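Just below is one structure, and these are the notes that go with it.
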Amino acid sequence: MSGGVSIVWFRRDLRVEDNPALAAGVRAGQVIAVYIWAPEEEGHYYPGRVSRWWLKQSLALLDSSLKNLGTSLVTKRSTDSVASLLEVVKSTGATQVLFNHLYDPLSLVRDHRMKEVLTNNGIAVRSFNADLLYEPWEILDDKGRPFNTFTEFWDRCLSMPYDPESPQLPPKKIISGDLSKCPSETIIFEDESEKGSNALLARAWTPGWSNADKALAAFMNGPLLEYSRNRRKADSATTSFLSPHLHFGELSVRKVFHLLRIKQVLWANEGNTAGEESVNLFLKSIGLREYSRYMSFNHPYSHERPLLGHLKFFPWRIDEGYFKAWRQGRTGYPLVDAGMRELWATGWLHDRIRVVVSSFFVKVLQLPWRWGMKYFWDTLLDADLESDALGWQYITGTLPDGREFDRIDNPQFEGYTFDPNGEYVRRWLPELARLPTEWIHHPWDAPEYVLQAAGIELGSNYPLPIVKLDAAKSRLQEALAQMWQYEASSRAILENGLEEGLGDSTEATSLIAFPQDMDEMDMDSNAIRATTHTTTTIRHYEDQMVPSMTTSLLRGGEEEESSSDVGNQAEDSRAEVPINQGMDDTRMGRTDDMQQVNDITAALRSMDDLQAESSNTSGSTRERDGGVVPVWSPSTSSFNETFVGEDSTYLQRHPQSHQLVNWRRLSQTG
DNA sequence: GGCTGATTAAT
DNA sequence: TTAATCAGC
């Protein structure tokens with residue numbers, strides 16, 4: 001292979017350090033580094049404004065690093081990244097393509113297709129792990145099945161018989177391939193209207209892999225020590241600020257892991273238990289990121305479907321007024337509103353506050369969790385499909401180890417926990433700045449003279465609670481009762497064998513469309529065309545395993561009518577929304593009966609999908625450093641047996657729930 | 001040192 | 001809510 005030309009396809013691995021694909025290219029001879037911008041392939045998940053801003057800076061820094069090493073980054077604007085890649089291969093005479101793995105559902109499918117297309121064109125394709133401590137298929141329980149609770153997963157990660165790969169140094173020099181026939185194309189990452197807002201971001205953030213390294217050092221030499229003590233503050237100053245760097249792969253998580261471990265040993269030797277504990281906690285948050293990829297790989301639809309089936313029947317409120325009030329920070333609950341204002345203003349939110357606002361969204365407002373997830377996607381600087389899907393499913397209670405759905409968190413109490421002095425609220429809600437701490441998290445209880453002295457007129461310059469908590473509690477009980485009822489009737493339909501007629505006669509989907517005021521954007525059907533047949537290619541150990549996904553499963557995303565940029569919409573309409581003077585519950589639209597019928601039929605349909613799923617592919621094993629690593633197969637992935645285990649307390653308390661999505665039963669029939 | 005009620009964190 | 005840890009007896 002020496003002397004050959006390799007394409008190194010950069011995606012979310014925007015670093016030269018500890019980048020296995022790049023290193024392999026350098027070893028093999030000449031390198032052509034390529035970045036392809038094809039956001040239309042992301043469908044609904046076209047990157048938001050702040051995310052694009054970050055990407056632009058990060059690519060510029062990567063390019064300059066590559067230039068110092070001897071080549072430069074070729075950028076391409078495309079609507080079909082596989083076709084573009086093939087073009088680059090042909091125009092440069094490359095003989096192999098190297099890339100690092102991604103685990104979001106769209107990438108899994110696209111990368112698999114890419115591999116097939118290139119291989120059919122006689123091009124060698126090799127892929128690597130650069131994003132995780134361990135590949136998802138390496139972490140299995142004693143029976144060889146994937147874990148379905150985080151704690152078990154993470155315990156296993158920390159007790160693996162072999163350590164995560166050690167981070168590699170950057171190459172000293174790159175021999176560039178001939179770029180003359182492969183010119184870069186200009187990529188437009190921001191439009192004129194976005195530039196003003198983006199200018200502010202540069203004050204707080206410095207994207208790019210070398211800056212990520214500095215941020216890591218700053219965190220490890222500073223806030224890390226106090227991490228366990230400080231993590232309960234709404235104030236972000238004590239967090240690592242690494243998540244956007246990690247999202248774009250500017251920072252190697254393996255490097256983070258190894259450095260943390262070294263630090264931990266040092267502190268342990270000094271008897272510094274607080275420091276030791278802090279490292280454990282921070283590692284856990286790294287672990288959650290790992291787990292999000294793990295879940296996405298094993299359940300490639302988890303960004304749009306609840307993993308516990310009964311939630312399909314929850315009667316979400318399709319209420320754009322609620323949605324808007326939440327986005328604008330006008331719910332009347334100061335901690336929630338402060339969070340939403342901070343998110344809007346900065347693209348950032350402390351993890352604790354993300355939990356607060358999303359829990360409020362799902363349980364008090366009863367809005368569909370995917371709307372909230374989409375808004376996070378559009379506005380967060382560290383927007384990350386896998387992490388956000390995991391987070392929202394956790395909050396919604398659709399994971400076996402998620403929060404319990406029927407418990408409503410109280411923003412007032414959370415306020416005094418996370419923001420005891422009200423500083424956070426005062427910073428983001430200037431209209432409440434003069435309110436004494438005693439009332440800062442529940443202004444609706446404040447005596448009139450206190451409000452007057454603080455210049456607050458509730459319902460005028462700050463809203464009354466959009467929904468009172470006791471009302472929210474009873475509404476939630478009703479909704480849950482309804483959910484179980486729908487679930488029971490759909491189960492009855494199933495057991496009576498009526499599913500065929502229903503399942504085939506409708507195009508319904510269990511997905512609730514994003515609000516109509518978002519721009520329509522169709523998915524590129526090529527991008528999500530699933531491969532239902534199996535290739536017999538021999539896998540290299542570093543190869544990407546591909547969970548098989550049926551077309552019908554993926555089509556859920558296509559069929560959906562909607563949307564792209566919630567964030568822009570929010571911006572446009574921000575000023576127009578009057579303060580909500582305590583909304584009348586009866587005005588709130590529920591998903592109507594038709595929607596419920598659709599949901600039920602869709603649930604039935606998805607069972608067909610699952611059955612189709614289980615008939616695909618076959619498993620095998622292969623060597624890895626002397627150990628045997630299972631290759632992905634349906635029996636170790638996805639849909640069978642998962643979440644019906646006895647280990648889930650939620651399911652124990654709600655035994656009805658797993659009748660519907662009993663994947664063990666499904667895979668037997670499939 | 002062991003019991004008991006309070007506190008807290010929970011993926 | 002519950003399990004685990006902690007303070008105080």
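Every chain is numbered from 1 and lettered A, B, ... according to where its sequence line falls, protein lines coming before strand lines. Predicted model, so just to flag it, every value in this text is computed and none were measured.
In terms of the side-chain contact (heavy atoms from CB on, under 4.5 Å) criterion, residue partners of A/Val50 (sequence neighbours excluded) are, by chain and number, A/Leu201, A/Leu381. In this structure, the ring-ring contact (aromatic ring centres under 6.0 Å, His included) partners of A/Phe282, at least two apart in sequence or on a different chain, are A/Phe219, A/Tyr227. Checked against ring-ring contact (aromatic ring centres under 6.0 Å, His included), A/Tyr333 has the following partners two or more places apart in sequence or in another chain: A/Phe360, A/Trp444.
Whole-Å rounding puts the A/Asp409 CG to C/dT1 C1' distance at 12 Å. When the P atom of B/dT11 is taken as reference, atom CD of A/Glu152 falls 12 Å away, rounded to whole Å. For the pair A/Tyr294 OH and B/dT11 C1', the interatomic distance rounds to 15 Å; values are reported in whole Å. The distance from atom CG of A/Asp351 to atom C1' of B/dT11 is 10 Å, rounded to the nearest whole Å. The CG atom of A/Leu283 sits 15 Å away from the P atom of B/dT11 (whole-angstrom rounding). The CG-P distance, from A/Asp155 to B/dT11, rounds to 11 Å in whole Å. If you take OH of A/Tyr394 and C1' of B/dT11, they are 5 Å apart, rounded to a whole angstrom.
For residues 280-292 of chain A, the set of pairs meeting the salt bridge (Lys or Arg N to Asp or Glu O under 4.0 Å) definition, not counting sequence neighbours, comprises A/Asp131-A/Arg289.
Here A/Arg15 does not pair with A/Asp213 in a salt bridge; the nearest charged N to carboxylate O distance is not below 4.0 Å. With respect to A/Glu152 and A/Arg156, no salt bridge is recorded, no charged nitrogen being found less than 4.0 Å from a carboxylate O.
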Below 3.5 Å is the cut-off: list the nitrogen or oxygen pairs between protein and nucleotides 6-9 of chain B, distance only.
unit_1, atom_1, unit_2, atom_2, d
B/dA9, OP1, A/Arg232, NE, 2.6
B/dA9, OP2, A/Arg232, NE, 2.6
B/dA9, OP2, A/Arg232, NH2, 3.1

Pairs under 3.5 Å (N/O, protein and nucleotides 2-5 of chain C):
none

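With a 6.0 Å cutoff to the six-membered ring centre and a 45° limit on the axis angle, A/Arg354 does not count as a cation-pi contact of A/Trp392. Relative to the ring axis of A/Phe297, A/Arg293 does not place its NZ or CZ within 45° and under 6.0 Å from the centre.
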